[in-house]
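Structure record follows, encoded as structure tokens.
Indexing begins at 1, ligand by ligand and atom by atom, following the structure's order. All values derive from a computational prediction rather than experimental measurement.
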Amino acid sequence: RAKAAGGNRYEIADAEADARAITRHSLTMALPMALDRGEFFIEYQPLVHLGDGSVRGAEALVRWLHPQHGVLGPDRFIPLAEDTGLIVPLGRWVLEQSVRQAREWREKERAGDYTGPLRVNVNLSPCQLTHPRLVQDTVDILERAGVEPGALCLEVTESALIGADDEVLKPLRRLAEMGVDIALDDFGTGYSNLANLRRLPVSILKLDRSFTRGMQHFPADPVDQKIVEGIVSLAHSLDLAVTVEGVETGHQAEQLRVMGCDTAQGWYYARPGPPDRLHELALVDAS
Ligand code: C2E
Ligand code: MG
Ligand code: MG
Ligand code: MG
């Protein structure tokens with residue numbers, strides 16, 4: 001395509017590709033140091049109960065404050081961390097920070113600052129899933145922080161669990177038995193057989209943002225509506241709660257609530273932000 005556009009364009013396209021490759025390479029090289037230097041930080045995005053509008057917790061989303069490039073989103077560096085194996089220590093760091101944060105929220109809660117209970121959701125990469133220390137690390141982190149397993153939800157993408165054999169599911173099953181919630185993230189983007197859900201130790205479906213987009217207008221796209229209603233009724237019949245991502249408008253929130261979704265997350269409520277913002281949002285709620 002670039003070639004057909006003429007010599008000039010071709011060079012530009014090439015230069016851009018080079019620049020991207022160089023950036024990818026330099027980011028990959030800088031990753032291990034970044035962890036040691038404390039350049040990562042976590043933003044929290046509230047999870048809101050659609051029935052009563054209360055804040056129930058938040059999803060932890062990692063960012064990298066790069067000394068030259070500024071704040072980088074996870075899509076820029078998580079794939080690199082997965083390729084190099086750094087995702088294991090980075091993921092453990094995110095888990096530890098997030099669980100400590102949950103503990104802090106809960107302390108305020110007990111002090112009567114607001115109604116709880118606030119929980120924390122943490123994303124897990126496929127490499128973490130197959131890491132032999134996942135269960136023990138998680139148990140240690142919860143114990144050290146004095147947080148009960150029920151305050152933690154681990155998010156695993158649908159694609160990571162497609163075709164997962166029992167060996168891969170075993171650690172998740174153990175965590176689920178301990179009381180940790182497991183959520184199937186980005187649900188609806190993979191090819192998983194719905195009947196397959198029964199086999200997975202999950203208690204929450206996170207409906208992908210692409211479905212929420214279909215609810216942008218009122219009335220909603222009728223096909224999207226039928227699909228969402230079908231998923232919600234199937235999920236509920238299997239005792240799974242449904243969380244929707246990417247809610248940007250009140251219309252979407254209202255339609256998804258009517259369709260039976262349980263919890264929502266999106267810019268309509270709040271963008272990801274610093275942990276103290278969650279206190280404020282939960283406080284407003286409690287009053
Ligand atoms: P995800 O787990 O599906 O997280 C939701 C993403 O949607 C986040 O992007 C969030 O900022 C964005 N989002 C939330 N509400 C809205 C909305 O209303 N509209 C739109 N357009 N977007 C919204 P973010 O923070 O860039 O994270 C991207 C992905 O990176 C996450 O997708 C997750 O898969 C991955 N990720 C983030 N933190 C971690 C981590 O600590 N470990 C691992 N393994 N993956 C992570
Ligand atoms: Mg997630
Ligand atoms: Mg998601
Ligand atoms: Mg997503």
Side-chain angles (χ1 to χ4, degrees), residues 31 34-35 39-48 50 55 57-65 70-102 119-131 134 137-138 141 152-161 181-190 202 204-216 231 241-253 256 261 263-275 277-278 281:
L31 268 171
L35 189 56
E39 290 172 4
F40 293 104
F41 67 100
I42 301 173
E43 288 191 316
Y44 296 87
Q45 186 178 33
L47 291 153
V48 178
L50 275 165
V55 174
E59 178 174 9
L61 296 160
V62 68
R63 280 88 178 83
W64 179 3
L65 180 55
V71 175
L72 301 177
D75 291 336
R76 292 288 299 281
F77 63 86
I78 291 286
L80 307 178
E82 285 174 340
D83 288 347
T84 57
L86 192 86
I87 191 67
V88 171
L90 175 59
R92 198 187 292 126
W93 179 83
V94 172
L95 183 62
E96 176 130 48
Q97 296 298 307
S98 306
V99 165
R100 280 201 206 148
Q101 190 54 60
R119 301 148 38 99
V120 74
N121 286 32
V122 177
N123 292 285
L124 276 195
S125 278
C127 337
Q128 291 174 271
L129 214 57
T130 51
H131 192 272
L134 173 67
D137 282 348
T138 307
I141 285 171
L152 174 65
C153 173
L154 296 173
E155 299 192 1
V156 183
T157 60
E158 184 188 15
S159 55
L161 290 190
D181 269 314
I182 312 291
L184 205 49
D185 205 354
D186 299 341
F187 183 78
T189 57
V202 300
I204 297 163
L205 284 192
K206 287 194 82 171
L207 209 54
D208 190 67
R209 190 156 74 230
S210 50
F211 293 102
T212 311
R213 247 180 251 129
M215 309 296 139
Q216 229 149 13
I231 292 175
V242 178
T243 299
V244 286
E245 356 179 88
V247 175
E248 297 180 356
T249 69
H251 260 153
Q252 288 172 322
L256 289 160
C261 298
T263 313
Q265 179 181 357
W267 298 345
Y268 173 61
Y269 301 101
R271 302 227 174 196
R277 264 248 324 278
L278 201 74
L281 290 165

Q: Taking the Mg ion (ligand 3) as the reference point, name the nearest N/O/S atom of Glu245.
A: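 Restricting Glu245 to its N, O and S atoms, the minimum distance to the Mg ion (ligand 3) goes to OE1.
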Q) Considering only N, O or S atoms, which atom of Asp186 is nearest to the Mg ion (ligand 3)? A)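 Output for this pair reads OD1.
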Return yes or no for this condition: an N or O of [X] is under 3.5 Å from an N or O of ligand 1.
| X | value |
| --- | --- |
| Gln265 | no |
| Val62 | yes |
| Trp267 | yes |

Q: Could you please compute the angle at the Mg ion (ligand 2) from OD2 of Asp185 to OD1 of Asn123, rounded to 10°?
A: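 The OD1/OD2 angle about the Mg ion (ligand 2) sits at 90°.
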Q.
Taking 2.8 Å as the cut-off, does Glu155 contribute an N, O or S atom near the Mg ion (ligand 3), distance below it?
A.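 No.
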Q) Under 2.8 Å from the Mg ion (ligand 3), is there an N/O/S atom belonging to Asp208? A)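 Of the N, O and S atoms in Asp208, none lies under 2.8 Å from the Mg ion (ligand 3), which means no.
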Only heavy atoms of [X], strictly under 4.0 Å: list the atoms of ligand 1 that pass.
| X | result |
| --- | --- |
| Val94 | 41 (O) |
| Glu248 | 17 (C), 18 (O), 19 (N), 20 (C), 21 (N) |
| Ser125 | 44 (N) |
| Asp185 | 1 (P), 2 (O), 3 (O) |
| Arg63 | 11 (O), 25 (O) |

Q: Inspect the contact between Asp181 and Arg119 and indicate whether a charged nitrogen and a carboxylate oxygen are less than 4.0 angstrom apart.
A: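 Answer for the salt bridge query: yes.
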Give a yes/no on ligand 1: does [X] have at least one heavy atom closer than 4.0 angstrom to it?
| X | value |
| --- | --- |
| Pro272 | yes |
| Glu59 | yes |
| Gly91 | no |

**Q.** Derivation of the side-chain contact (heavy atoms from CB on, under 4.5 Å) call for Leu65 and Phe41
**A.** CA-CA 7 Å; Leu65 180 55; Phe41 67 100; 4.0 Å; yes
Q | Qualifying ring-ring contact (aromatic ring centres under 6.0 Å, His included) pairs with a residue from residues 77-97, counting only residues at least two apart or across chains | A |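 Residue pairs with at least one partner in residues 77-97: Phe40-Phe77, Trp64-Phe77.
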Q. Got Thr243 and Cys261 here, is their nearest side-chain heavy-atom distance under 4.5 Å?
A.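 Side chain of Thr243 against side chain of Cys261, heavy atoms only: no contact under 4.5 Å found.
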Q. Is it true that the side chains of Glu82 and Ser125 contain a donor and an acceptor less than 3.5 Å apart?
A.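 Note: Glu82 and Ser125 side chains meet the donor-acceptor criterion.
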**Q.** Asn123 and Glu59 side chains, donor-acceptor separation under 3.5 Å
**A.**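 Result is yes, a qualifying pair exists.
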Q. With sequence neighbours left out, what residues match Gln97 under side chain to side chain donor-acceptor pair (under 3.5 Å)?
A.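 Gln97 satisfies side chain to side chain donor-acceptor pair (under 3.5 Å) with no residue once adjacent residues are dropped.
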